[in-house]
Structure formats: structure tokens, C-alpha cells
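Quick note on labels: first sequence line is chain A, next is B, and so on, each numbered from 1.
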Number of protein chains: 2
Amino acid sequence: MQISSRFSVAVHVLSLLALPEQEGVPLTSERMAGSVNTNPVVIRRILGQLKKAGLVEVRPASGGTFLTRQPANITLLEVYRAVEVVEEGQLFSVHDKPNPACLVGRHIQSALDDTLQRAQTALEQVLAHTTLQQVTTDIAAKALIS
Amino acid sequence: MQISSRFSVAVHVLSLLALPEQEGVPLTSERMAGSVNTNPVVIRRILGQLKKAGLVEVRPASGGTFLTRQPANITLLEVYRAVEVVEEGQLFSVHDKPNPACLVGRHIQSALDDTLQRAQTALEQVLAHTTLQQVTTDIAAKALIS
DNA sequence: AGCAGTGTAACTACAGTTGTTACAACCCGG
DNA sequence: CCGGGTTGTAACAACTGTAGTTACACTGCT
Ligand code: FES
Ligand code: FES
């Protein structure tokens, strides 16, 4: 199973917030949806999760959404955690209730758990060391080249 | 979204094959299913994938399944690849068709792709450096302690 | 030939994702 | 203080992938 695209959409939205195109025009969920090419409600749902995680602040009425921190201080791991339903340490699902009468069944879970945890942590560490700023800088750089 | 439990079931099954309990009794899909606590067809499906990947050999009739290699030469990454539907480099799903008229939309995919690829590779490297033998050794060790 | 086991298709039930409609709550400008 | 644009959410549909189950043809040993 693939990891939900909510994560990439969230990064997309945060990039928009970090790169204010026109100062005058407010960045509403509808405009963001137009950029991501989806429905405004999908954006608002994700904004709700980002808000709960304290990454953005939303003005309920006349469309205003802002980052609460500098892009350099927002890691992709925070976004991942804010948006994923995957609970900490649950990326891999392990079949529950193996037969305790079996030697393998009795110990497979703890034997696997250590390795799976390390694998998951390795993935998260890469995200932890990438900031939103790196992403937006990359976007800006690519925009200049093309 | 969590990664399918097919992976952990596959490791479970391979562990059974690597630790032959009683030499006489053949290890049928039904016995394996009893150990994992699931349906024999689920086991056979997974065995089919492992067979296609060349990790096991199955005698169609009178129930005999064997590893084609030493447990020390089978990495968890091979099992993961054999069993996951996740295509190489597709662990994260990215929202397709972002708006090309938008600066962010035009470049977000390639800007994210590099990081996501590194994250995924980091996870896979941990699996690549763990062998089936390490798992079974761990199981045997835990069995002795308890 | 008989039989225990595998290979596979077909179906169900279920969970999570994504998109969509609908509407209440909210805030701001006039 | 009212109207209009916006957010917050609930509810629902369509879809996808997972896991379990039944059924049955096929296989190969004895
Ligand atoms: S319970 Fe998983 S092999 Fe025994
Ligand atoms: S922000 Fe994703 S397309 Fe512009």
C-alpha cells in the first residue's frame, strides 16, 4: 500500500504559503485547490490537520492562512506526522494473533519489530533532515532554469 | 496507509521453512496457515509470490516447500520486493496532474521526488542488511530465554 | 485410481482514500 | 448589524487494495 498523497498535497500547500505569489490576493482553499488540482474540501481537511499540528494558522472567515514558523524551521517529518494516519511506529502492519503454540509464532513479532522499527526510523530521519525551505528553494531554482 | 501484512506473513512463513521443526511431517500450506493463524489460501498466494521471486520451490502435490537458498543469503528486502505491490520507487504516492500554470505546481513533483526517493531507499537499505538467518537466530534466542 | 496438496479464480466484507454536496459557523466591510 | 465570501465538518459515493473464504481443476506420489 502506498503512503497517502495527503503528504505530498500538504507539502504542496505549505510551499504555496511559503512562496507568496501576490501579496494582495488572499490564498483561499479554493485557490489552493486550483493549484493542486483537487477539491477545496480536500485542501481544508489537510489544512485542518496542519493547523492541529500547529504548523499553520487559519483566519476562519475572509481567507487568510499563514505559516506559524519560518520554512527553514519546518521539517517534512513534521508534515508527515501531521498528515499521516500512520501512528508512530506503525508503518508496517504485522499479522496479529500468530499461533502461540508455534515456536515461530511465539517470537516472530518481537524478532521482526526491531528491524521494522529501524527501517521506519531510517525513512523518517531523511524526512526530518529536509526542511520546507529546501523544497521551496529547489522549486525556485528549477523555475529559474526552465 | 500501512504496508501490507503480507510482508510479515512472508517472513513468518520463510522462518518456518528455515527452522524445520519435525523432519518427517511435511510443511503444507494448511499447517503454515495454522501457525500464522489465517487461511491456507492466503499462504498459498504468498508462496506463489515467493516462488515467482525464486526464493522458494514448491512441490505441487504431496506438500513440500523448500528454500532455494541458505537463510543467510536471503535478505528481507528481497522478501519485501517479492511480496509488496509497491513498485520500485513508489512508496509515496504523489498527487498527479498539479496545475502547470502554477509555479509550485510545475516543479513540486521533481522537487519532492529526490527527497522521497532517498527516504524510501533508506528504509530499503535497512531491510537489505537484514537476512532471514538473523530473524531465525533471533527467534531461537528468544525461545531459549523464555 | 485414489488422494492429499497446490494453483487460481471468484466472491464477500471491510477499511482507507479521494472527491463531492450541503450546510452551519464565522468574520469583516460597508 | 447585515450580507457575502470563507472556513469547518458531516455525510455520502466511488474506488482501490486487503484479507478471508469457497470451490474446483490440476498435480504427482503411492
Ligand atoms: S505462528 Fe507464525 S509460524 Fe508459527
Ligand atoms: S501549488 Fe500544487 S499546483 Fe500550484
For this session: Look at the side-chain N and O atoms of B:S29 and state whether any lies under 4.0 Å from the OP1 or OP2 oxygen of C:dG5.
Result: no
For this session: Pick out which of A:T130, A:I139, A:V11, A:D138 makes a side-chain contact (heavy atoms from CB on, under 4.5 Å) with B:L112.
Result: A:V11
For this session: Whole angstrom is fine here: how far is it from CG in B:D96 over to P in D:dC15?
Result: 16 Å
Exercise. Counting any heavy atom closer than 4.0 Å, what does B:K51 reach on the DNA or RNA strands: base, sugar-phosphate only, or nothing?
Worked result: sugar-phosphate
Exercise. Whole Å only: how far is the CE atom of B:M1 from the C1' atom of C:dA15?
Worked result: 7 Å
Problem set entry | Atom pair OG/CD1 of B:S8 and B:I3 - distance to nearest 0.5 Å | 10.5 Å
Seminar exercise, completed: Between NZ of B:K52 and C1' of C:dT6 the distance, given in whole Å, is 15 Å
Exercise. Between B:S4 and D:dA19, is there a side-chain N or O to OP1/OP2 distance below 4.0 Å?
Worked result: yes
For this session: Report the distance from atom CZ of A:R6 to atom C1' of C:dG19, rounded to the nearest whole Å.
Result: 14 Å
For this session: Walk me through it: do B:L127 and B:T75 pass the test side-chain contact (heavy atoms from CB on, under 4.5 Å)?
Result: CA-CA 7 Å; B:L127 298 182; B:T75 70; over 6 Å; no
Exercise. Tell me: CG of B:L27 to C1' of C:dA4, nearest whole Å?
Worked result: 15 Å
Exercise. Roughly how far apart are B:Q49 CD and B:R6 CZ, rounded to 0.5 Å?
Worked result: 5.5 Å
Exercise. In Å, rounded to the nearest 0.5 Å, how long is the span from CG of A:L77 to NE2 of A:H129?
Worked result: 9.5 Å
Problem set entry | Interatomic distance where CE belongs to A:M32 and P belongs to D:dG8 [whole Å] | 10 Å
Exercise. Hey, any chance A:V126 and B:L116 share a hydrophobic cluster, counting ILVMFWY side chains that come within less than 4.5 Å of each other, even indirectly?
Worked result: no
Problem set entry | Side-chain N,O (B:S5) to OP1/OP2 (D:dT18) below 4.0 Å | no
Problem set entry | Pairwise distance CG(A:L91) to CG(B:L91) - rounded to 0.5 angstrom | 6.5 Å
Seminar exercise, completed: Here the distance between atom C1' of C:dT18 and atom CD1 of A:I46, to the nearest Å, is 10 Å
Please list, for nucleotides 20-22 of chain C, all pairs of protein and nucleotide N/O atoms separated by less than 3.5 Å.
residue: C:dT20; atom: O4; partner: A:R45; partner atom: NH1; Å: 3.4

For this session: Using whole Å, report how far CD of A:Q2 lies from P of D:dG17.
Result: 8 Å
